[in-house]
Chemist: 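Dumping the structure here so I can ask a few things about it.
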Amino acid sequence: MPAIASSRRPHWITAAATSLTALMLATPVASPAGAQVPVPTSRVALPKKIEKLSPYLPQVSCDPVAKPGVIAFARLVRRTYPTTGSLGITSDCAVRGRSEHKEGRAWDWAVSAHDRADAARATALLNWLLKKDGRGKKYASARRLGIMYIIWNRRIWGSAYAKDGWRPYAGANPHTTHVHFSFSCAGAMGRTSFWTGRVAKTDYGPCPRKRGGLAPRYDGPNSEPCRDENRDGDRG
């Protein structure tokens with residue numbers, strides 16, 4: 001699998017990822033069994049308002065460059081759980097199927113569902129991402145990070161279907177060796193409140209110029225939904 005950082009990553013992405021990394025912090029919390037299991041926290045003051053749940057924004061372009069928000073999240077998780085690994089952020093556009101890895105908007109966290117310690121770490125992180133915050137906002141950390149969907153151990157949680165909770169995942173890969181995280185465009189670019197302290201508006205990303213064709217590479221926020229694009233699911 002490809003490494004987290006792509007050699008094709010532009011300088012501005014490297015600089016953004018470096019600045020986001022400086023905002024990381026991990027705080028230990030008690031697990032149900034009483035052991036201390038760390039979870040991340042933001043080092044910026046979080047606003048009262050919070051991001052909307054992201055719509056499903058599938059890969060529409062070929063842009064396999066690791067984005068700064070994904071790099072920062074991967075480093076934060078690895079720093080919080082240093083014995084865990086990474087299976088990478090990007091994938092080649094020639095690989096079959098639609099995947100946010102092809103836009104540098106997804107990360108595979110290497111933990112095993114069959115290892116008790118790994119499973120406890122994954123449970124702690126996922127519970128932290130999806131629990132209510134102190135103001136009663138559901139899925140608070142996932143929303144502040146711009147996480148669009150998560151696949152782990154034959155289940156999937158998607159922000160577009162959050163009310164359905166964890167759903168069965170029947171994809172060819174059961175995701176028992178890693179947790180898959182896909183990010184919204186704003187989350188991938190590190191513009192969300194977890195990093196900035198400012199609530200990010202929904203960014204719909206680049207739009208294909210014609211139905212069934214590829215969109216241009218991401219070059220800035222887009223506040224308008226793309227037309228004629230199949231965005232009715234989450235796939236992994």
Side-chain angles (χ1 to χ4, degrees), residues 1 4 20-46 50-51 53-54 69-89 100 105-159 161-169 173-184 187-188 190 192-195 234 236:
M1 296 295 291
I4 283 180
L20 290 176
T21 301
L23 297 175
M24 299 176 191
L25 184 68
T27 301
V29 297
S31 71
Q36 292 293 306
V37 179
V39 294
T41 58
S42 175
R43 297 186 76 174
V44 303
L46 298 176
I50 193 170
E51 280 79 4
L53 286 162
S54 175
V70 186
I71 295 171
F73 178 74
R75 288 176 177 169
L76 173 59
V77 173
R78 295 286 307 283
R79 184 171 294 180
T80 307
Y81 309 103
T83 61
T84 63
S86 171
L87 297 183
I89 289 175
E100 289 73 54
R105 288 196 291 125
W107 176 54
D108 290 338
W109 178 33
V111 286
S112 171
H114 305 297
D115 180 272
R116 174 178 283 186
D118 272 2
R121 295 178 189 108
T123 296
L125 181 66
L126 298 181
N127 285 347
W128 170 75
L129 286 170
L130 301 182
K131 73 177 184 179
K132 292 181 180 179
D133 66 10
R135 300 185 180 99
K137 304 293 186 181
K138 294 181 178 180
Y139 327 112
S141 295
R143 290 163 66 178
R144 292 195 185 280
L145 283 158
I147 290 177
M148 189 169 67
Y149 64 87
I150 306 166
I151 308 174
W152 165 240
N153 196 16
R154 299 181 175 88
R155 298 190 302 162
I156 182 170
W157 177 89
S159 57
Y161 304 97
K163 61 182 178 59
D164 296 330
W166 286 97
R167 295 170 285 140
Y169 179 74
N173 188 323
H175 290 72
T176 55
T177 62
H178 66 279
V179 183
H180 173 95
F181 299 96
S182 274
F183 291 78
S184 68
T192 52
S193 58
F194 185 88
W195 306 111
D234 38 26

Chemist: Which of these passes side-chain contact (heavy atoms from CB on, under 4.5 Å) with Ser159: Ser182, Ser54, Ser184?
Modeler: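 Among the candidates, only Ser54 passes.
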Chemist: To the nearest 0.5 Å, how far apart are NZ in Lys137 and CG in Leu46?
Modeler: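 One finds 13.0 Å between NZ of Lys137 and CG of Leu46.
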Chemist: For the CD1 atom of Ile50 and the CZ atom of Arg143, what is their distance to the nearest 0.5 Å?
Modeler: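 Reported to 0.5 Å precision, the distance equals 4.5 Å.
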Chemist: Side-chain contact test, heavy atoms from C-beta onward, threshold under 4.5 Å: evaluate it for Trp152 versus Leu125 and give yes or no.
Modeler: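 With C-beta onward as the side chain, the pair stays apart.
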Chemist: Please name all residues satisfying side-chain hydrogen bond (donor to acceptor under 3.5 Å, both in side chains) with Trp109, sequence neighbours left out, ordered by chain then number.
Modeler: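 Result, side-chain hydrogen bond (donor to acceptor under 3.5 Å, both in side chains) vs Trp109: Thr84.
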Chemist: Can you tell if the side chain of Phe181 reaches within under 4.5 Å of the side chain of Leu145, non-hydrogen atoms only?
Modeler: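 The answer is no, as the side chains (C-beta and beyond) never meet within the 4.5 Å cut-off.
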Chemist: List the atom of Arg167, the atom of Gly158, and the distance in Å for their closest heavy-atom pair.
Modeler: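 For Arg167 and Gly158, the tightest heavy-atom pair comes out as NH2-N, 3.9 Å.
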Chemist: My understanding is that only residues two or more places apart in sequence, or in another chain, count here; which of them pass side-chain contact (heavy atoms from CB on, under 4.5 Å) with Thr192?
Modeler: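 Result, side-chain contact (heavy atoms from CB on, under 4.5 Å) vs Thr192: Glu51, Ala186, Trp195, Ala200.
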Chemist: How long is the gap from CD1 on Ile89 to CD on Glu100, to the nearest 0.5 Å?
Modeler: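 CD of Glu100 is found 13.5 Å from CD1 of Ile89.
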Chemist: Can you list everything that forms a side-chain contact (heavy atoms from CB on, under 4.5 Å) with Ala162? Sequence neighbours excluded, please.
Modeler: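 For Ala162 the side-chain contact (heavy atoms from CB on, under 4.5 Å) partners, ignoring immediate neighbours, are Leu53, Tyr139, Trp157.
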Chemist: Can you tell me how far CZ of Arg75 sits from OG1 of Thr80, rounded to the nearest 0.5 angstrom?
Modeler: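 Atom-to-atom, Thr80:OG1 and Arg75:CZ are 14.0 Å apart.
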Chemist: Does His175 reach the side chain of Ile156, with side-chain heavy atoms less than 4.5 Å apart?
Modeler: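 No, their side chains stay 4.5 Å or more apart.
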Chemist: Determine whether the aromatic ring centres of Phe183 and Phe73 lie less than 6.0 Å apart.
Modeler: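 Yes: the rings meet the under 6.0 Å criterion.
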Chemist: Taking Ser141 for its side chain and Leu129 for its backbone only, find out whether a donor-acceptor pair lies under 3.5 Å.
Modeler: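 A pair under 3.5 Å: no.
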Chemist: Is there side-chain contact between Lys131 and Asn127, with heavy atoms separated by less than 4.5 Å?
Modeler: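 Contact flag for Lys131/Asn127 side chains = no.
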Chemist: What's the shortest heavy-atom distance between Tyr81 and Pro38, and which atoms?
Modeler: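 In this case the closest contact between Tyr81 and Pro38 is OH-O, 2.5 Å.
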Chemist: With a 4.5 Å limit on heavy-atom distance, are the side chains of Trp128 and Thr123 in contact?
Modeler: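 The answer is no, as the side chains (C-beta and beyond) never meet within the 4.5 Å cut-off.
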Chemist: Considering residues at least two apart in sequence or located in another chain, which fulfil the side-chain contact (heavy atoms from CB on, under 4.5 Å) criterion with Arg154?
Modeler: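 For Arg154 the side-chain contact (heavy atoms from CB on, under 4.5 Å) partners, ignoring immediate neighbours, are Pro174, Thr176.
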Chemist: Please list all pairs passing the salt bridge (Lys or Arg N to Asp or Glu O under 4.0 Å) test where one or both residues lie in residues 109-129, with sequence neighbours left out.
Modeler: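 Matches after skipping sequence neighbours: Asp118-Arg121.
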Chemist: Holding to side-chain hydrogen bond (donor to acceptor under 3.5 Å, both in side chains), I want the full list of residues that pass it with Asn153, two or more places apart in sequence or in another chain.
Modeler: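 With sequence neighbours excluded, Asn153 shows a side-chain hydrogen bond (donor to acceptor under 3.5 Å, both in side chains) to no residue whatsoever.
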Chemist: Report the residues that fulfil side-chain hydrogen bond (donor to acceptor under 3.5 Å, both in side chains) with Arg144, sequence neighbours left out, ordered by chain and then residue number.
Modeler: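 Once residues adjacent in sequence are excluded, the partners of Arg144 under the side-chain hydrogen bond (donor to acceptor under 3.5 Å, both in side chains) criterion are Ser193.
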Chemist: Could you pull out the closest heavy-atom pair between Ala122 and Val111, with the gap in Å?
Modeler: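 Closest approach of Ala122 to Val111: CB-CG2, 4.3 Å.
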